[in-house]
Protein chains: 2
Amino acid sequence: MVRQHGRATGMKLTKISAIRRKELRQAAFQVLQQEGMAGATLEKVATHAGASKGIVLHYFRNKQELFEHAMREANLALSEAVSARLRQATTPYERLEAVIEGNFEARFFQPSICHAWLSLCAEVPREPQLARIQTVIHARMRSNLMSALVHLLPRAECEAVALSITTLIDGLWLRAGLQSEGLSRDIALAQMRDYLDHRLPRRG
Amino acid sequence: MVRQHGRATGMKLTKISAIRRKELRQAAFQVLQQEGMAGATLEKVATHAGASKGIVLHYFRNKQELFEHAMREANLALSEAVSARLRQATTPYERLEAVIEGNFEARFFQPSICHAWLSLCAEVPREPQLARIQTVIHARMRSNLMSALVHLLPRAECEAVALSITTLIDGLWLRAGLQSEGLSRDIALAQMRDYLDHRLPRRG
DNA sequence: TCAATTGTTGACCCATTGGTCAGTTTTCTA
DNA sequence: TAGAAAACTGACCAATGGGTCAACAATTGA
């Protein structure tokens, strides 16, 4: 809905405004992929979006706000991918798969994207806004997993397994961001399957 | 001559030179803990070590080299902790535990340290030196794990399990660096144990 | 003891960058 | 279609930070 998050004001939200903001958020994330947080300058973001530096600060209070929105935007895409898969899933196990496979879709699980993500994560401890977003992301991940796990495992184990799955996903993303050759999607998915096969009770 | 990069263990090494370098490496890592890579300026590192900016660049070519050494230093500590535990271990299972518990020793597994580590990781894709160090770290981790796993599992599964363990450790560190309250050591260790209990064949 | 080496400092340079602003162009609307 | 509002630009500013350098202090060793 954009409505540029709360910032109160009635905010008419001209079309152009919405479009430019989105362009800039995306440009910011793309620059992040190539340059990391250190090299992600306002000028580069502007250039990347085919605009001038001035306009970036016209739409975003400052650098932090820009990258905060970039993080939201990037997460939204991933989040929607998972939701879409979740909608197709009928059984608990399928819902588990939906969450996992959504997180490893080819268009997301790429070294440069993982790297951008890593850069954002590294800022989390010093940027309360980013921390909040991160919290939300983790909460949703947990919730998605739990809703499936409670039907597959004794209640007492669900929490731990949900955390393990999240941890594995994070760890694999980290690895993919670290190794330039990247960790292949197949290996990542195989890892996740291996975990589920051994941790979940046998089933048909 | 400084005999840079300690590697060639020749170790003539003026005393003062060796000491200063170590102080600076450590100061660099500490600043990283508090400020992240963005805020880790040469001036701050110098101040933190009770010296002037000039001296930092007297001992290290440039900022990259300084933080490269900081990463080496930090890793060395962790690495030695694992080695020490490994030396005490007799059975393969104990060796596994040594690696895991070494990676979660209380003095290492702290939010600020995990955070510093995260900051370093975020630079890896753009800093070939850091990438090399990271590669070495992963290689040693894998090797340590494999030497234990081959006695506990069919050969074909070892590689995957070693990767899973590494991934879990990385993921838990990441999480600890992200959440300010941090992930408690107990939970982290419980996670690892839970994984091993389900992935390794039953044993006495 | 006296040079030579090493350690150390602080001033200085320069490129970069986040952010401001005054003013110009485009778009919207009455 | 005029004028208000929004979009947009580029120049400018102040601060920061990496890196250089010349000079000074301490240490060493012959």
Side-chain angles (χ1 to χ4, degrees), chain A residues 2-4 7-28 31-32 34-70 119-120 123 126-127 129-130, chain B residues 1-4 6 10-28 31-32 34-70 119 123 126-127 129-130:
Chain A
V2 181
R3 194 79 16 158
Q4 40 216 38
R7 187 107 23 240
T9 45
M11 267 299 125
K12 265 184 278 208
L13 182 59
T14 20
K15 275 185 204 98
I16 295 189
S17 157
I19 291 174
R20 263 282 170 283
R21 286 175 73 88
K22 180 159 200 163
E23 279 174 4
L24 291 171
R25 273 173 290 175
Q26 292 178 340
V31 171
L32 217 50
Q34 296 163 12
E35 320 263 6
M37 186 58 82
T41 139
L42 291 181
E43 188 93 36
K44 279 181 195 156
V45 172
T47 305
H48 203 91
S52 70
K53 186 172 67 163
I55 209 60
V56 178
L57 291 155
H58 174 66
Y59 285 111
F60 299 92
R61 257 187 194 24
N62 51 37
K63 201 186 178 187
Q64 290 114 45
E65 194 179 296
L66 170 63
F67 284 99
E68 176 196 326
H69 282 251
S119 299
L120 251 4
E123 297 301 310
R126 226 160 301 85
E127 215 78 58
Q129 283 307 317
L130 297 190
Chain B
M1 209 288 98
V2 175
R3 198 79 18 157
Q4 327 241 48
M11 277 295 144
K12 198 198 309 234
L13 219 42
T14 350
K15 273 181 205 104
I16 296 189
S17 158
I19 292 173
R20 267 279 170 285
R21 287 175 73 89
K22 179 158 201 164
E23 279 173 4
L24 291 172
R25 272 174 291 175
Q26 292 178 340
V31 171
L32 218 49
Q34 295 163 12
E35 320 263 5
M37 185 59 82
T41 133
L42 292 181
E43 188 92 36
K44 279 181 195 155
V45 171
T47 304
H48 203 91
S52 69
K53 185 172 67 164
I55 209 60
V56 178
L57 291 155
H58 174 67
Y59 286 111
F60 299 91
R61 259 186 196 24
N62 50 37
K63 202 187 178 187
Q64 292 114 42
E65 193 179 298
L66 171 63
F67 284 98
E68 176 195 327
H69 282 249
S119 300
E123 297 301 311
R126 226 159 302 84
E127 216 76 60
Q129 282 306 317
L130 297 190

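So that the names make sense, note that chain A is the first sequence line, chain B the second, and so on, each numbered from 1.
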- Task: Could you check which residues of residues 42-57 of chain A get a heavy atom under 4.0 Å from DNA chain C? Sort them by number, please.
- Result: A:Leu42, A:Lys53, A:Leu57
- Item | side-chain N/O B:Thr41 vs D:dT16 OP1/OP2, d < 4.0 Å | no
- OP1, OP2 of D:dA7 versus side-chain N and O of A:His58: anything below 4.0 Å? yes
- Item | Partner set under salt bridge (Lys or Arg N to Asp or Glu O under 4.0 Å) for B:Lys44, not counting sequence neighbours | B:Glu35
- A:Glu23: partners by side-chain hydrogen bond (donor to acceptor under 3.5 Å, both in side chains), with sequence neighbours left out: A:Arg20
For residues 46-53 of chain B, run the donor-acceptor check on the side chains, cut-off 3.5 Å, and write out each pair with its distance to 0.1 Å, sequence neighbours left out.
{"unit_1": "B:Thr47", "atom_1": "OG1", "unit_2": "B:Glu43", "atom_2": "O", "d": "2.9"}
{"unit_1": "B:His48", "atom_1": "NE2", "unit_2": "B:Gln30", "atom_2": "OE1", "d": "2.8"}

- Separation of C:dG19 P from A:Asn62 CG (nearest whole Å): 5 Å
- Message: Working to the nearest 0.5 angstrom, can you tell me the gap between A:Ile55 CD1 and A:His58 NE2?
- Response: 5.0 Å
- Message: For A:Asn62 versus A:Leu57, what's the shortest heavy-atom pair and its separation?
- Response: CA-CD2, 3.8 Å
- Message: What is the separation between atom CD1 on A:Ile19 and atom P on C:dT27, rounded to the nearest whole Å?
- Response: 12 Å
- Task: Give a yes/no answer on whether the side chain of B:Ser17 brings an N or O atom under 4.0 Å of OP1 or OP2 in C:dT6.
- Result: no
- Message: Does any part of the side chain of A:Arg21, heavy atoms only, come nearer than 4.5 Å to the side chain of A:Ser17, both counted from C-beta?
- Response: yes
- Note on the structure: In B/S/- notation (B base, S sugar-phosphate only, - none; protein heavy atoms under 4.0 Å), nucleotides 22-30 of chain D written 5' to 3' is ---------
- Can you name the closest pair of heavy atoms from A:Leu66 and A:Leu24 and give their distance? CD1-O, 4.0 Å
- Item | Phosphate-side-chain proximity, B:Tyr59 and C:dT8, N/O vs OP1/OP2 below 4.0 Å | yes
- List for me each residue that meets salt bridge (Lys or Arg N to Asp or Glu O under 4.0 Å) alongside B:Glu127, sequence neighbours excluded, and say none if there are none. none
- Message: In this structure, how many angstroms lie between the P atom of C:dT6 and the CZ atom of B:Arg21, rounded?
- Response: 14 Å
- Relative orientation of the end axes in the helix from C:dT1-D:dA30 to C:dA30-D:dT1, expressed as an angle to the nearest 10° (five pairs per end): 10°
- Message: Using OP1 and OP2 only, check whether a side-chain N or O of B:Arg20 sits under 4.0 Å from C:dT8.
- Response: yes
- Interatomic distance, B:Phe60 CZ vs C:dT8 C1' [rounded to whole Å]: 15 Å
- Item | Residues that A:Ala40 engages under side chain to side chain contact (heavy atoms under 4.5 Å, CB included), provided they are two or more places apart | A:Val31, A:Leu32, A:Phe67
- Rounded to the nearest 0.5 Å, how far apart are CZ of A:Arg61 and NE2 of A:His69? 9.5 Å
- Send over the distance from A:Glu23 CD to D:dA7 C1', rounded to a whole Å. 12 Å
- Message: Please give me the minimum heavy-atom distance between A:Gly36 and A:Ser119, naming the atom from each residue.
- Response: CA-OG, 3.7 Å
